[in-house]
A.B. asks: 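Sharing a structure here in structure tokens format.
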Amino acid sequence: ILTEYILALGLAFIVSGITVYFRDMEHIMGIIGEFFASEGVWSWTGYLLLALPVSCYIFGMLYRNAVRNNIRELNSEECIESMKSFRFISNIVLYTAVTPIILLYIVFFFSQASYFLSAFSGTLPEAFSYAEYARKGFFELCTIAVINLAVIIFMNVTAKKSGEERTAALKIYTSVLSVSTLILIATAMSKMIMYIDTYGLTELRVYTTWFMVLTAYIFVLILVKQFKRGLGIAKLESIGFTIMFAILCFSRSEVIITKYNIRMYNAGYLNELDMNSIENMSDDALLAAVDEGVLDVQKAQEISSVCHGEETINQLNLSSLILKNK
């Protein structure tokens with residue numbers, strides 16, 4: 001009897017423990033769920049997913065360049081032989097596959113001629129706002145540019161007669177795809193210029209325009225490559241991207257945006273000056289607005305102290321120091 005009593009008592013303790021455990025687990029799981037539902041966790045998760053492989057690659061690159069034991073360096077002959085192993089598709093097959101894409105582009109351009117050409121004449125199509133017109137043009141450009149670049153790379157890498165043996169037909173197909181992309185870039189740029197002329201500059205519009213110019217530069221190099229053998233396209237693209245990225249980083253784009261919008265507004269080309277966007281930018285924009293006479297110094301200092309004063313990035317910013325001591 002005593003044994004049965006002890007077993008029953010132990011069983012009761014076990015059941016009670018399981019009940020408490022699951023009750024606490026529900027609470028704990030709820031806390032965990034709330035934690036993972038917050039925006040900060042997902043943003044940091046995205047940073048980690050990007051940072052881990054990039055940091056591993058950079059570490060491996062630096063390590064192998066510092067410790068160069070038993071390294072077999074590649075030469076140009078080995079690279080050429082390695083590229084030849086990818087050339088396994090007949091050129092005729094590739095031309096047959098790409099011809100419908102080019103015909104589709106031709107039909108698309110002619111059927112939508114008024115939609116595309118209106119951007120060059122400065123005329124806004126019906127049922128479109130300037131924002132929708134520019135946004136649609138940019139995303140059309142992104143889609144077609146990615147498709148055309150992928151097709152060009154695939155053709156020139158996998159075609160049996162490519163590289164030094166590149167045929168005239170392959171050059172023509174690559175040139176047509178490049179030119180069609182450049183035409184679309186020109187229309188997208190025209191739409192963006194119409195949008196900027198009406199509403200002024202913003203950071204997003206500057207970045208979008210910068211990207212379109214960079215895309216045009218890449219496809220111009222691809223086009224020139226078809227007629228100039230030996231052109232170091234990878235080298236020129238790397239140099240061009242580096243120069244353009246440096247211009248974007250060091251040109252103080254917010255100052256340019258602010259001064260452009262203010263001067264265009266004073267000249268009567270803009271119907272409204274968006275002070276809210278200026279006040280939400282960095283102290284560079286605030287100082288430019290003060291210098292242009294559209295923002296009071298005291299108000300600019302208050303905005304800076306509330307919005308930017310606690311950010312470490314602005315503690316040594318020259319514009320912040322000048323604005324603070326005005």
Side-chain angles (χ1 to χ4, degrees), residues 117-139 141 185-217 243-311 313-326:
L117 296 178
S118 61
F120 295 104
S121 62
T123 305
L124 183 68
E126 295 182 1
F128 277 101
S129 65
Y130 285 102
E132 292 172 340
Y133 194 42
R135 191 180 299 114
K136 185 176 181 182
F138 175 71
F139 285 112
L141 162 65
I185 292 172
T187 59
M189 286 285 292
S190 300
K191 296 174 187 178
M192 183 57 64
I193 291 171
M194 288 175 57
Y195 190 24
I196 292 171
D197 287 342
T198 306
Y199 294 103
L201 285 172
T202 63
E203 291 180 281
L204 185 59
R205 291 165 204 165
V206 169
Y207 299 152
T208 302
T209 304
W210 178 88
F211 176 79
M212 288 191 286
V213 172
L214 178 63
T215 306
Y217 173 73
I243 293 173
M244 289 189 62
F245 190 69
I247 292 172
L248 185 65
C249 291
F250 297 106
S251 63
R252 300 181 70 197
S253 59
E254 293 183 350
V255 175
I256 296 173
I257 292 168
T258 303
K259 289 186 176 182
Y260 174 86
N261 289 343
I262 292 171
R263 292 173 184 178
M264 293 294 286
Y265 174 73
N266 292 334
Y269 293 103
L270 296 180
N271 297 325
E272 182 182 359
L273 180 61
D274 190 359
M275 291 300 301
N276 185 51
S277 64
I278 294 175
E279 294 173 2
N280 286 326
M281 287 192 282
S282 70
D283 289 344
D284 286 345
L286 294 177
L287 182 60
V290 171
D291 293 338
E292 293 293 325
V294 299
L295 189 62
D296 183 71
V297 176
Q298 185 177 359
K299 184 178 180 181
Q301 291 173 345
E302 292 175 357
I303 296 171
S304 175
S305 62
V306 172
C307 299
H308 316 299
E310 297 180 356
E311 295 181 7
I313 194 172
N314 284 316
Q315 291 179 1
L316 299 177
N317 188 355
L318 182 59
S319 296
S320 301
L321 297 174
I322 296 173
L323 184 63
K324 186 177 180 180
N325 295 282
K326 260 190 175 291

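We're numbering straight along the sequence, starting at 1. Atom set for the values below is all heavy atoms of this structure, side chains included, hydrogens, waters and symmetry mates excluded.
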A.B. asks: Once you round to the nearest 0.5 Å, how far does CE of Met192 lie from CD1 of Ile185?
C.D. replies: 13.0 Å
A.B. asks: Are Ile257 and Met281 close enough that some pair of their side-chain heavy atoms sits under 4.5 Å apart?
C.D. replies: yes
A.B. asks: Is Thr258 reaching over with its side chain to a backbone N or O of Val255, donor-acceptor style, under 3.5 angstrom?
C.D. replies: no
A.B. asks: Decide yes or no on side-chain contact (heavy atoms from CB on, under 4.5 Å) for Lys136 and Lys191, but give the supporting numbers first.
C.D. replies: CA-CA 9 Å; Lys136 185 176 181 182; Lys191 296 174 187 178; 5.7 Å; no
A.B. asks: Does atom OH of Tyr265 have more than 12 heavy-atom neighbours, drawn from other residues, nucleotides or ligands, at distances under 6.0 Å?
C.D. replies: no
A.B. asks: What is the ring orientation for Tyr133 with Phe128, classed by angle as parallel under 30°, tilted 30 to 60°, or perpendicular over 60°?
C.D. replies: tilted
A.B. asks: Measuring from atom CG of Asn271 to atom OG1 of Thr198, what distance do you get when rounded to the nearest 0.5 angstrom?
C.D. replies: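 Going from the CG atom of Asn271 to the OG1 atom of Thr198 covers 8.5 Å.
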A.B. asks: Are there more than 12 heavy atoms of other residues, nucleotides or ligands under 6.0 Å from atom OH of Tyr199?
C.D. replies: no
A.B. asks: Using modelled atom types and a 3.5 Å cut-off, is there a donor and acceptor pairing between side-chain atoms of Ser251 and backbone atoms of Ile247?
C.D. replies: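 Yes, because the side chain of Ser251 sits within donor-acceptor range (under 3.5 Å) of the backbone of Ile247.
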A.B. asks: For the atom pair CG (Leu273) and CZ (Arg263), what is the distance rounded to the nearest 0.5 Å?
C.D. replies: 13.0 Å
A.B. asks: Taking all atoms of both residues into account, what is the closest heavy-atom pair of Ile278 and Leu286, and its distance?
C.D. replies: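 Result for this residue pair: O-CD2, 4.0 Å.
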A.B. asks: According to the salt bridge (Lys or Arg N to Asp or Glu O under 4.0 Å) rule, which pairs have a member within residues 196-206, sequence neighbours left out?
C.D. replies: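 Output for this query is empty, none listed.
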A.B. asks: At what distance, to the nearest 0.5 angstrom, does OG of Ser190 lie from CE of Met194?
C.D. replies: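 Spacing of OG (Ser190) from CE (Met194) equals 9.0 Å.
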A.B. asks: For Met212 versus Ala188, what's the shortest heavy-atom pair and its separation?
C.D. replies: SD-CB, 3.6 Å
A.B. asks: Kindly give the heavy-atom pair with the smallest separation between Tyr260 and Gly200, and that separation in Å.
C.D. replies: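 Smallest heavy-atom distance, with atoms named: CE2-CA, 4.4 Å.
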A.B. asks: Any donor and acceptor pair, going by atom type alone, linking the side chain of Trp210 with main-chain N or O of Leu248 inside 3.5 Å?
C.D. replies: no
A.B. asks: Answer yes or no: is there a donor N or O on one side and an acceptor on the other, between the side chain of Asn261 and the main chain of Leu201, under 3.5 Å?
C.D. replies: yes
A.B. asks: At their closest point, which heavy atom of Val294 faces which heavy atom of Met275, and how far apart are they?
C.D. replies: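 Scanning both residues completely, I find the closest heavy atoms to be O-CE, 3.9 Å.
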A.B. asks: Is it the case that the side chain of Glu132 and the backbone of Ser129 share a donor-acceptor pair, with hydrogens and angles ignored and the cut-off at 3.5 Å?
C.D. replies: yes
A.B. asks: Whether the side chain of Glu254 engages the backbone of Ser282 through a donor-acceptor N/O pair (distance < 3.5 Å, no angle test) should be reported.
C.D. replies: yes
A.B. asks: Using 0.5 Å steps for rounding, measure from the CD atom of Gln301 to the CG atom of Asp296.
C.D. replies: 8.5 Å
A.B. asks: When rounded to the nearest 0.5 angstrom, what distance separates CZ in Phe139 from OG1 in Thr208?
C.D. replies: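 Separation between the atoms: 8.0 Å.
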